Number of protein chains: 2
Amino acid sequence: MKNPIENLNKIFDSRIRLGIMSALMVNTDVNFNELKELLGITDGNLASHLKTLEESAFVKVQKGFIGRKTNTTYSITKGGEKAFKQHLEALEKMIGSVK
Amino acid sequence: MKNPIENLNKIFDSRIRLGIMSALMVNTDVNFNELKELLGITDGNLASHLKTLEESAFVKVQKGFIGRKTNTTYSITKGGEKAFKQHLEALEKMIGSVK
DNA sequence: AAAAAGCACTTTGAAATACAAAGTACAACA
DNA sequence: TGTTGTACTTTGTATTTCAAAGTGCTTTTT
């Protein structure tokens, strides 16, 4: 048997970062409050996980306005997409070997 | 959109516990040293993750001998199988929504 | 018989991570 | 002017992770 977890990315061990990434894979741009509601976490907690993902260059930020309100949206980077897909493939492999 | 992570089990956030569970799903009995080598971790680390899984009643222990050497094997419980399958389904759903 | 090695842990301690809550900055609105 | 909303940052605590060392028991080696 082979190590079933060696290809998993440590960054995505966190359920919250996993959630952020899937949201951003499905929707090209998601704003801060949408993410916050979707995941049901506090803003501080969300901000810090987003920071981790930004520092890994998996996620990027766009600052703008809706009307006159500030609106910060997040989207996935090329590298983030690649890393996340690899992670999902590793998960699928693991799931496949189990079923 | 729905929260993609709400059905994930916190116990399985850990890559190592994930690895232990998949190993035990595929192989009915796995001994301590096999697990240790498979996952490439120290014995203390493995023991503590196994303890967490035992305390959740997801894994059970059998102590025996191979010849005259002690041999401890681990296997998954009914409850562990159920919980792990639910977790995998939640992962699959998440992956499905992404792909 | 004594020493060394193997197995399966437990304990210890340090580092990293997670998270809530409170605080901050800035613009808009009343 | 004061309050609200957005998007944070800071702070402090709790939890988790993990390696390393230590333990107890047994077998093997010398």
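Note that this is a predicted model, so its numbers are computed, not measured. All values below come from the heavy atoms of this structure, side chains included, with hydrogens, waters and symmetry mates left out. Lettering follows sequence order; numbering is per chain, from 1.
Put simply, CD1 on I41(A) and CD1 on I5(B) are 7.0 Å apart, with the number rounded to the nearest 0.5 Å.
More than 12 heavy atoms of other residues, nucleotides or ligands shown are found within 6.0 angstrom of CD on E6(A). Atom NZ of K93(B) has 12 or fewer neighbouring heavy atoms from other residues, nucleotides or ligands inside a 6.0 Å radius.
For the pair K10(A) NZ and dT17(D) P, the interatomic distance rounds to 11 Å; values are reported in whole Å. Atom NZ of K36(A) and atom C1' of dA21(C) are 13 Å apart (whole Å). Residue L46(A) contributes atom CG, which lies 9 Å from atom P of dC8(D) at whole-angstrom precision. Protein atom CD1 of I66(A) is 14 Å distant from nucleotide atom P of dA28(C), rounded to whole Å. The separation between L18(B) atom CG and dT16(D) atom P is 17 Å, rounded to whole Å. One atom, CG of L50(A), and another, P of dA18(C), lie 13 Å apart when rounded to the nearest Å. For D13(A) and dA16(C), the CG to P distance is 16 Å, given to the nearest whole Å. Between the C1' atom of dT15(D) and the CD1 atom of I11(B) lies a distance of 13 Å, rounded to the nearest Å.
Neither OP1 nor OP2 of dC18(D) sits under 4.0 Å from any side-chain N or O of T42(B). Here N33(B) reaches the OP1 or OP2 of dA8(C): one of its side-chain N or O atoms lies under 4.0 Å away. When the side-chain nitrogen and oxygen atoms of N45(B) are compared with OP1 and OP2 of dT17(D), none of them lie within a distance under 4.0 Å. Note on T72(B): a side-chain N or O is less than 4.0 Å away from OP1 or OP2 of dC9(C). For the pair H49(B) and dC18(D), the criterion of a side-chain N or O lying under 4.0 Å from OP1 or OP2 is met. At the phosphate of dT17(D), OP1 or OP2 sits under 4.0 Å from a side-chain N or O atom of R17(B).
With dT9(D), dT10(C), dC7(C) as the candidates, the nucleotide lying closest to the side chain of A47(A) is dT9(D). When the nucleotides dC19(C), dT9(D), dC9(C) are ranked by their closest atom to the side chain of K63(B), dC9(C) comes out on top. Set against dC29(C), dA8(C), dA18(C), the side chain of R68(A) has dC29(C) as its closest nucleotide. Closest to the side chain of Y74(A), from the set dC7(C), dA7(D), dC8(D), is dC8(D).
Residue contacts shown for I16(A) are limited to sugar-phosphate atoms, with no base heavy atom under 4.0 Å away. Residue contacts for S48(A): at a heavy-atom cut-off of 4.0 Å it reaches no nucleic acid atom on any strand shown.
Residues K85(A) and E81(A) are paired through a salt bridge, judged by an N-O separation under 4.0 Å between the basic side chain and the carboxylate.
Toward the 5′ end of DNA chain D lies the nearest nucleotide of T52(B), the other residue of the pair F65(B) and T52(B) mapping further downstream. Comparing K69(A) and R15(A) against DNA chain C, the residue whose closest nucleotide sits nearer the 5' end is R15(A).
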Inset, instruction - Output, in order, the C-alpha distance, side-chain angles, deciding distance and verdict of side chain to side chain contact (heavy atoms under 4.5 Å, CB included) for L46(A) and Y74(A). - result: CA-CA 12 Å; L46(A) 174 58; Y74(A) 297 88; over 6 Å; no
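In this structure, F12(B) has its ring center closer than 6.0 angstrom to the ring center of F84(B).
One can find a donor-acceptor pair under 3.5 Å joining the base of dC9(C) and the side-chain atoms of D43(B).
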